[in-house]
Q: 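After the structure tokens below, expect a handful of questions from me.
First the proteins, then the strands, lettered A, B, ... as listed; each starts at 1. Keep in mind it's a predicted model, so treat the numbers as computed, not measured. FYI, side chains are in, hydrogens and waters are out, and symmetry mates aren't considered; it's all heavy atoms of this structure.
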Number of protein chains: 2
Amino acid sequence: MSEVRINEAIDTLKQSGVRITPQRHAILEHLIQSMTHPTADEIYKSLEGKFPNMSVATVYNNLRVFKEVGLVKELTYGDASSRFDCVTTEHYHIICEGCGKIVDFHYPGLDEVEALAESVTGFDVGHHRMEIYGTCPDCRSNKTKIS
Amino acid sequence: MSEVRINEAIDTLKQSGVRITPQRHAILEHLIQSMTHPTADEIYKSLEGKFPNMSVATVYNNLRVFKEVGLVKELTYGDASSRFDCVTTEHYHIICEGCGKIVDFHYPGLDEVEALAESVTGFDVGHHRMEIYGTCPDCRSNKTKIS
DNA sequence: ACACTATTTATAAATATTACAATGTAAGAA
DNA sequence: TTCTTACATTGTAATATTTATAAATAGTGT
């Protein structure tokens, strides 16, 4: 279960010399257990019960720490809030333009494209980002009902 | 030259029933001629000379109009300013993590990935976004000099 | 136990973008 | 042409996300 994954994550943190505070544990737990890709504010709000006087800054700080260690990826969306994704296996995201839902889907990894880009542009390639946009089944059926 | 492309873009706008104001013409011209992918603020600043009392809001408004017509794509980067890219041929971007430079590079288009995502998730796929991150030749040579 | 460092908190600040009301401008009808 | 109406622009205020900072707190090692 997610127990295992939390412990793995904590080990990773310890190995990087990051202290495990109660707040960090809770944020990590929330990230791993929630199947959504929460925003910083969603995490903050969902932990208000357990930590009535936790600060939003703490959430942001620790998400940055997790990012630096490589446990978490930030998905940026312009003016809107970033969403945070606990990195486990290699996967991409498909995003519903109707309701904003984000669904994971697996794909081999676009190594070819990286290689080509590298040779064409002379860059040293580090990583890439890919997202697919569309309409999820729920939103599609809602649309057809209306029309 | 870019003359042609500007006229094509203006035709597209006219066909969509969008008025061609001096400001719109200038923003469009700047987008097409500049090989960079400017931010709204960069466009605003670069047109201050010609239009001393143009408002930033005008730039944002018209970029939205251009986006709706499909002439322009917005590249969002979290908290940082969005950049705007005049859509011409199908291409992707490689972005330098050192200096922020964005370089275009052409690639066949990831139709396969879209198809797979569609069948796996049940979404109706509309479009996708892909970006590659790395270090550009300039930044790489700067780094080696220092070390 | 003590000194030192990392972390959290609370608040203020920075920044990008949007909303809104007022003014200006262009296109069509009379 | 002149009136009317709809669209554009301007200027400013508001919103929202994220970061910076300083003070308070907790944890670690000697």
Q: Could you please name the option among C/dT17, D/dT18, C/dT7 that lies closest to any side-chain atom of A/Ala40?
A: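 Of C/dT17, D/dT18, C/dT7, D/dT18 is nearest to the side chain of A/Ala40.
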
Q: What is the distance, rounded to the nearest whole Å, between atom CZ of B/Phe84 and atom P of C/dA16?
A: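 Answer to the nearest Å: 12 Å.
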
Q: Under a 4.5 Å cut-off applied to non-hydrogen side-chain atoms, are A/Leu28 and A/Leu13 in contact?
A: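 A/Leu28 vs A/Leu13: side chains touch.
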
Q: With sugar-phosphate meaning primed atoms plus P, OP1 and OP2, does A/Thr39 contact a base, only sugar-phosphate, or nothing at under 4.0 Å between heavy atoms?
A: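 No contact at all - A/Thr39 keeps every heavy atom at 4.0 Å or more from the nucleic acid.
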
Q: Considering just the side-chain nitrogens and oxygens of A/Arg64, establish if one lies under 4.0 Å of OP1 or OP2 belonging to D/dT19.
A: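 Answer no for this pair, as no side-chain N or O of A/Arg64 is under 4.0 Å from OP1 or OP2.
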
Q: Please list, in numerical order, the residues of residues 54-63 of chain A that have a heavy atom closer than 4.0 Å to any atom of DNA chain D.
A: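 Under 4.0 Å from DNA chain D: A/Ala57, A/Tyr60.
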
Q: Heavy atoms from C-beta onward define the side chain here; which of D/dT9, C/dA6, D/dT18 lies closest to that of A/Arg19?
A: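 In terms of side-chain proximity for A/Arg19, the closest of D/dT9, C/dA6, D/dT18 is C/dA6.
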
Q: Please round to the nearest 0.5 Å and tell me the distance separating atom NE2 of A/His30 and atom NE2 of A/His25.
A: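 So the gap between those two atoms works out to 14.5 Å.
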
Q: Do B/Tyr92 and B/Ile132 come within less than 4.5 Å of each other through their side chains, counting heavy atoms only?
A: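 SC-SC contact between B/Tyr92 and B/Ile132 ruled out.
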
Q: Do the ring planes of A/Tyr133 and B/His127 sit parallel (below 30°), tilted (30 to 60°) or perpendicular (above 60°)?
A: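 Parallel.
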
Q: Please pick, from C/dT7, D/dT18, D/dT10, the nucleotide with the shortest atom-to-atom distance to any side-chain atom of B/Gln23.
A: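 Output: D/dT10.
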
Q: Which donor-acceptor pairs under 3.5 Å do the side chains of residues 16-23 of chain A make with protein atoms, sequence neighbours left out?
A:
from    : atom 1 : to      : atom 2 : distance (Å)
A/Ser16 : OG     : A/Thr12 : O      : 3.0
A/Thr21 : OG1    : A/Arg24 : N      : 3.1

Q: Check whether any side-chain nitrogen or oxygen of B/Thr21 sits under 4.0 Å from OP1 or OP2 of D/dC7, and answer yes or no.
A: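 No, because none of the side-chain N or O atoms of B/Thr21 sits under 4.0 Å from OP1 or OP2 of D/dC7.
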
Q: Quick one: is A/Ser82 getting a side-chain N or O under 4.0 Å of the D/dT17 phosphate, OP1 or OP2?
A: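 Checking D/dT17 against A/Ser82, no side-chain N or O comes under 4.0 Å of OP1 or OP2.
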
Q: Side chains of B/Arg129 and A/Arg129: does their closest heavy-atom pair fall under 4.5 Å?
A: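 Result yes, sub-4.5 Å side-chain heavy-atom pair found.
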
Q: What integer distance in Å separates A/Asp79:CG from D/dA14:P?
A: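 In whole Å, D/dA14 P lies 18 Å from A/Asp79 CG.
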
